[in-house]
Protein chains: 2
Amino acid sequence: MTRRNDGPARVTIADVAARAGVSLSTVSRALNGNPTVDPALTERVKDAAAALDYTASPVARSLVLGRTQTVAVIVPDLGNPTFQAILRGLSRAAAADDYHVLVADSAESVEEERVLAGATRRRTDGVILCSPRLPQDELDRLVGGLRPVVLINRTSGEVPSVRADYGGALADELAHLHGLGHRRIVFLAGAPRSVANAARLEAIAAFVADHPDTEITEIPCGVDFEAGAAAGSAVLASDATAAVAFNDLVAMGLLSAVQASGCRVPGDLSIVGFDDIPFAQYTTPPLTTAAVPAAELGVQAWARMRELLEGDEPGGPLTVLPELTVRGTTGPAA
Amino acid sequence: MTRRNDGPARVTIADVAARAGVSLSTVSRALNGNPTVDPALTERVKDAAAALDYTASPVARSLVLGRTQTVAVIVPDLGNPTFQAILRGLSRAAAADDYHVLVADSAESVEEERVLAGATRRRTDGVILCSPRLPQDELDRLVGGLRPVVLINRTSGEVPSVRADYGGALADELAHLHGLGHRRIVFLAGAPRSVANAARLEAIAAFVADHPDTEITEIPCGVDFEAGAAAGSAVLASDATAAVAFNDLVAMGLLSAVQASGCRVPGDLSIVGFDDIPFAQYTTPPLTTAAVPAAELGVQAWARMRELLEGDEPGGPLTVLPELTVRGTTGPAA
DNA sequence: CTGTTAGCGCTTTCAA
DNA sequence: TTGAAAGCGCTAACAG
């Protein structure tokens with residue numbers, strides 16, 4: 001057998017035992033803070049370990065303890081600002097609890113999501129899933145074999161989850177526009193069958209039911225800058241005084257396109273985004289949007305996972321309401 | 001001993017062996033594609049494994065093989081677009097070779113960088129370091145105990161590395177401005193003692209030496225949008241016709257600030273950024289910048305690591321030249 | 001070609 | 001309180 005992992009010279013527990021003149025078990029006990037070890041011996045063992053620069057092999061410990069001190073995070077796209085923020089919050093929170101994070105990017109592929117979840121689960125203690133694309137029934141089936149699992153922006157039975165209240169935040173945005181006098185609004189829709197889009201559509205339906213004076217038209221669009229820019233002419237062709245974009249990227253694309261056509265924002269058209277990505281505050285004018293606390297979602301997701309790992313009662317599903325952040329792209333209806 | 005990792009019901013190699021009526025070794029060999037196994041038996045073993053939904057425990061394999069099939073990536077800040085892009089490229093490239101990625105965010109702390117590197121190395125086959133902050137001597141010392149290591153945007157002895165040629169790209173930007181007739185240029189500097197800033201300063205000195213007709217003034221600035229915006233008045237107060245920003249964030253802040261003061265870009269002032277972050281093409285006008293292929297850097301870093309892991313000759317240090325990307329913020333000198 | 005046996009490096013019974 | 005021994009789940013010599 002050829003060992004590949006021969007970078008740092010390997011010192012094993014046996015070396016420490018030999019140097020301290022004790023048995024392997026004593027070294028293990030001493031180093032793990034087992035109180036039944038004679039203090040003098042503990043001292044001797046620790047000295048020996050320090051002298052040899054010894055640390056127990058995490059892999060060997062993982063095998064015997066059945067615990068890797070690592071969790072997996074599956075995201076659909078590491079290039080998306082929202083998932084980056086989630087990952088950042090999650091990674092730092094986990095690190096604070098001495099856990100490691102294995103990331104996997106499913107490249108927006110439902111199939112990859114499934115495969116990666118299973119594959120990474122085997123080498124970690126649990127998986128945190130950001131799977132907007134996975135159909136609900138598949139998700140339900142998948143999580144069963146994965147536990148412990150924490151879901152972000154999805155739910156499945158009793159599985160702990162943290163999510164942003166997309167519907168509630170969209171309602172806030174609509175109320176904001178309504179308050180400014182807007183009665184004809186267009187909604188630039190995202191991926192047609194995604195859960196995220198469905199939540200927005202529901203909120204819109206509810207709002208319209210409550211406000212018969214308001215008309216909200218859906219325009220199929222997409223989720224990125226290009227899609228938003230491409231929708232510009234359709235928006236201008238409509239008689240809407242305000243546009244609600246699926247997310248900030250779309251809003252920025254739209255903003256850019258309508259401005260290029262001589263339309264003034266918010267004078268002629270108000271625009272709201274969604275997410276509050278870092279650049280939302282730097283558009284001209286700065287974008288009104290709903291701030292999704294993505295990093296906080298990551299932190300809370302870790303908190304849930306930690307509870308599961310500790311065997312504690314996992315907190316119920318957490319829902320945070322994105323905060324309406326009024327900036328420069330919204331104003332009174334023309 | 002209480003096993004924690006009891007999510008998916010555990011099927012071991014012994015179960016497969018029993019069901020197939022063979023020994024453990026035969027199962028191992030069959031499943032690992034060892035050609036010395038009777039085809040009929042291989043078939044039987046695979047059927048049994050499939051029926052039991054068996055996959056070998058990665059942890060147990062790691063222990064015996066001395067190889068985890070995982071690499072660690074240490075970045076200073078997961079919130080930075082550049083590192084996000086590197087991570088994305090790296091993660092996908094590694095996944096294509098069936099490797100997993102453990103990420104750690106050092107939160108810009110030099111001390112954390114050191115600790116994380118050591119800690120993650122033990123549970124992986126190698127580490128890829130993005131450590132702009134670590135002083136050279138510490139870096140040199142650190143990498144010794146970490147091998148295999150790949151460095152991104154840093155070098156250390158014979159350690160394989162991939163980096164962007166900041167100096168070369170900056171020279172291209174200056175040549176572009178010079179060609180447009182600019183002779184008085186300001187440089188908005190980044191972190192004073194960073195490696196990245198030093199490279200830019202060197203390139204500037206070299207350019208000035210070659211072009212005595214051109215005057216380049218340094219203005220201490222910073223690395224983010226706010227810093228760029230704050231430098232606006234200083235830039236306007238100078239008699240420069242063009243500004244070279246440390247990075248795109250700074251350029252965007254500057255652009256926004258000078259436009260707010262009625263200065264027209266590029267009519268009154270040309271601006272160039274650096275990095276070509278995703279939003280650089282969406283400013284008004286779109287930003288001229290040097291496109292650093294961050295994702296490609298990640299891909300190449302993985303390629304180097306893979307070679308090290310395979311025992312192949314690791315390619316020499318790779319330097320990619322960011323491509324000058326001329327967009328709307330540069331024009332003829334006033 | 002296949003089975004038996006010996007570990008990988010560690011933790012934890014079980015005896016002493 | 002300590003040591004000897006078993007075993008986590010797997011792979012690889014070594015015989016047969």
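Labels below follow one simple rule: chain letters A, B, ... track the order of the sequence lines, proteins then strands, and each chain is numbered from 1. No experiment lies behind these values; they were computed from the predicted model shown.
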Sequence neighbours left out, cut at 3.5 Å: what donor-acceptor pairs do the side chains of residues 28-39 of chain A make with other protein atoms?
unit_1, atom_1, unit_2, atom_2, d
A:Ser28, OG, A:Asn32, ND2, 3.4
A:Asn32, OD1, A:Arg61, NH2, 3.3
A:Asn32, ND2, A:Ser28, O, 3.0
A:Asn34, OD1, A:Thr36, N, 2.9
A:Asn34, OD1, A:Thr36, OG1, 2.9
A:Asp38, OD1, A:Ala40, N, 2.7
A:Asp38, OD1, A:Leu41, N, 3.4

Please report, to 0.1 Å, the donor-acceptor pairs under 3.5 Å made by any side chain of residues 102-110 of chain A, with sequence neighbours excluded.
unit_1, atom_1, unit_2, atom_2, d
A:Asp105, OD1, A:Ala107, N, 2.6
A:Asp105, OD1, B:Arg92, NH2, 3.1
A:Asp105, OD2, A:Leu78, N, 3.1
A:Asp105, OD2, B:Arg92, NE, 3.0
A:Asp105, OD2, B:Arg92, NH2, 3.0
A:Ser106, OG, A:Val75, O, 3.4
A:Glu108, OE1, A:Arg133, NH2, 3.2
A:Ser109, OG, A:Glu111, N, 3.3
A:Ser109, OG, A:Glu112, N, 2.9

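A:Tyr54 places its OH atom 10 Å from the C1' atom of C:dT11, with the value rounded to the nearest Å. Atom CG in A:Leu63 sits about 12 Å away from atom C1' in C:dG7, given to the nearest Å. The separation between A:Ile13 atom CD1 and D:dA4 atom C1' is 14 Å, rounded to whole Å. Put simply, CZ on A:Arg123 is 21 Å from P on D:dC8, counting in whole angstrom units. Put simply, CZ on B:Arg10 is 14 Å from P on D:dC8, counting in whole angstrom units. Taking atom CZ on B:Arg61 and atom C1' on C:dC8, their separation rounds to 13 Å, with Å as the unit. When rounded to the nearest whole Å, the span between CG of B:Leu52 and C1' of D:dG9 equals 15 Å.
Using a 4.0 Å cut-off between charged nitrogen and carboxylate oxygen, A:Arg141 and A:Asp137 count as a salt-bridge pair.
Sorted by first and then second residue, the salt bridge (charged side-chain N to carboxylate O under 4.0 Å, His left out) pairs with a member in residues 154-165 of chain B form an empty list; sequence neighbours excluded. Note on residues 26-69 of chain A: no pairs pass ring-ring contact (aromatic ring centres under 6.0 Å, His included), not counting sequence neighbours.
Less than 4.0 Å separates DNA chain D from at least one heavy atom of each of the following residues of residues 21-44 of chain A: A:Val22, A:Ser23, A:Ser25, A:Thr26, A:Arg29, A:Thr36, A:Val37, A:Asp38, A:Leu41.
Using a distance-only test at 3.5 Å, with no hydrogens or angles considered, a donor-acceptor pair links the side chain of B:Asp125 to the main chain of B:Gln69.
Checking A:Asp140 against A:Gln136 by side-chain atom types alone, a donor-acceptor pair falls below 3.5 Å. Residues B:Arg122 and A:Thr55 bring a donor and an acceptor atom of their side chains to less than 3.5 Å of each other.
Taking five base pairs at each end of the helix from C:dC1-D:dG16 to C:dA16-D:dT1 and finding the rotation axis that steps the C1' atoms of four pairs onto the next four gives two axes whose angle is 50°, to the nearest 10°.
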